[in-house]
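To start, the structure itself, in structure tokens.
What you see below is based on every heavy atom in this structure, not just the backbone, and it leaves out hydrogens, waters and symmetry mates.
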Amino acid sequence: MDGPDLAGQTVLVTGSAKGVGRELLLSTADCGARTAVHYHTSADAAREVAESARDRGASDAMTVQGDVTDPDSVDGLFAAVESELGPVDVLVNNVGDFAPAHWADLEFETWNRVLETNFNGTYLCSKRALPGMRENGYGRIVNIGYASSERGLVSPKNFPYFVAKAGVLLFTRMLAADTQDNGITVNAISPYVVENSDEFPDDLPRGRPASFEDLAQPLYFFLDPDTEYVSGENIEVDGGWLPETV
């Protein structure tokens, strides 16, 4: 599937210096977008991604630093993007820490960080992006969830992550309803295991993790102008994983 023409659009992908965020941002660069590579501490990696974005067809590329859990920092990073590339047309909320340990063994700081980066970061960045999108009568927000969290997937291991991702998907549906008259769509992509994941189960669906290309396809779908009536949806990229199998 070829990506949509994003020439003239400004794309901000949070946490795009590395991993899934990096690959999703480069997928939009392939479509000619102006790209903003966001990072918190990985400045060198972000510069490399911006250079790769230009090489792959981005009409312009910049790096921008910020803490997505801090309102003032979020305002500053958006202001920097708007000053250099123009208003954000496409926001991909990708940032989200992961803590694969039993909930009782997590330090409170870790517990809080997982909730704040995944849920509060999505809320703060979306809230900051929306005024410009509403003014322009156009916008695309894509949130990154987790497969089956919509169905109450829960485990003593990594519990705050599941809670946060369930919140992200509820927020996606609410925001879609709240923006239905503004030319804005809000959707989610929820992977299970991705090729760069830290842990791999013994029995992977279809014998492999999701590739970055597998995640790019639903992103392209949501960003396509012809999908303007699709909002509040969640595409699970899990290969048919069924966690409730007994």
Side-chain angles (χ1 to χ4, degrees), residues 1-70 73-98 117-118 121-122 124-126 128-129 132-133 136 138-144 189 191 194-198 209-225 237:
M1 176 181 177
D2 293 330
D5 182 4
L6 299 180
Q9 295 193 35
T10 296
V11 175
L12 169 62
V13 179
T14 65
S16 46
K18 298 179 180 179
V20 168
R22 176 186 191 277
E23 300 304 321
L24 293 179
L25 181 128
L26 291 176
S27 295
T28 68
D30 291 338
C31 302
R34 297 185 295 260
T35 57
V37 183
H38 164 259
Y39 69 96
H40 188 198
T41 59
S42 304
D44 291 342
R47 283 190 289 269
E48 181 274 326
V49 177
E51 183 176 341
S52 295
R54 295 184 194 97
D55 291 342
R56 287 174 58 162
S59 55
D60 201 352
M62 67 175 291
T63 64
V64 61
Q65 192 275 340
D67 178 357
V68 300
T69 69
D70 178 77
S73 186
V74 167
D75 186 58
L77 77 88
F78 270 85
V81 174
E82 292 161 352
S83 176
E84 186 164 337
L85 301 181
V88 173
D89 302 291
V90 174
L91 169 65
V92 180
N93 285 305
N94 166 72
V95 165
D97 282 3
F98 187 79
T117 55
N118 284 282
T122 296
L124 287 172
C125 290
S126 299
R128 179 58 177 77
M133 291 181 177
N136 292 334
Y138 177 86
R140 297 287 184 266
I141 296 176
V142 180
N143 300 323
I144 303 301
I189 300 170
V194 185
E195 62 178 272
N196 69 323
S197 294
D198 294 329
S211 68
F212 294 132
E213 179 64 19
D214 291 326
L215 299 181
Q217 298 311 310
L219 178 66
Y220 285 163
F221 173 72
F222 288 140
L223 301 188
D224 193 298
V237 185

Can you tell me how far [atom2] of [Y] sits from [atom1] of [X], rounded to the nearest 0.5 angstrom?
X      : Y      : atom1 : atom2 : value
Ile144 : Leu24  : CD1   : CG    : 5.5 Å
Leu26  : Cys31  : CG    : SG    : 11.0 Å
Asp89  : Met133 : CG    : CE    : 7.0 Å
Phe98  : Thr117 : CZ    : OG1   : 12.0 Å
Phe222 : Asp224 : CZ    : CG    : 11.5 Å
Ile189 : Leu219 : CD1   : CG    : 5.0 Å

For a quick test of reading the model, state the closest non-hydrogen atom pair linking [X] to [Y] and the distance between them.
X      : Y      : result
Thr122 : Asn118 : OG1-O, 2.8 Å
Ser42  : Ala17  : O-CB, 3.9 Å
Cys125 : Thr14  : SG-CG2, 4.0 Å
Val194 : Pro191 : CG2-CB, 3.7 Å
Ala46  : Thr63  : O-CG2, 3.4 Å
Asn93  : Ser126 : ND2-OG, 3.1 Å

Between [X] and [Y] (side chain of the first, backbone of the second, donor and acceptor by atom type, cut-off under 3.5 Å), is there such a pair?
X      : Y      : value
Asp67  : His40  : no
Tyr220 : Ser27  : yes
His38  : Gly15  : yes
Asp5   : Ala7   : yes
Thr69  : Gly121 : no
Thr35  : Ala29  : no
Arg22  : Val49  : no

Do any side-chain atoms of residues 74-88 form donor-acceptor pairs under 3.5 angstrom with protein atoms, and if so which ones, sequence neighbours left out?
| from | atom 1 | to | atom 2 | distance (Å) |
| --- | --- | --- | --- | --- |
| Asp75 | OD1 | Arg128 | NE | 2.7 |
| Glu82 | OE1 | Arg128 | NH2 | 3.0 |
| Glu82 | OE2 | Arg128 | NH1 | 2.9 |

Asn94 versus Ser16, side-chain donor and acceptor atoms under 3.5 Å: no
Distance-only side-chain donor-acceptor flag, Glu48 / Ser52, under 3.5 Å: yes
Step-by-step side chain to side chain contact (heavy atoms under 4.5 Å, CB included) determination, Thr28 to Leu223: CA-CA 9 Å; Thr28 68; Leu223 301 188; 4.2 Å; yes
Worked verdict on Met62 versus Asp60 for side chain to side chain contact (heavy atoms under 4.5 Å, CB included): CA-CA 7 Å; Met62 67 175 291; Asp60 201 352; 5.9 Å; no
Sequence-distant partners of Thr10, side-chain hydrogen bond (donor to acceptor under 3.5 Å, both in side chains), two or more places apart: Arg34
Flag side-chain contact, heavy atom, 4.5 Å: Val20 against Asn196: yes
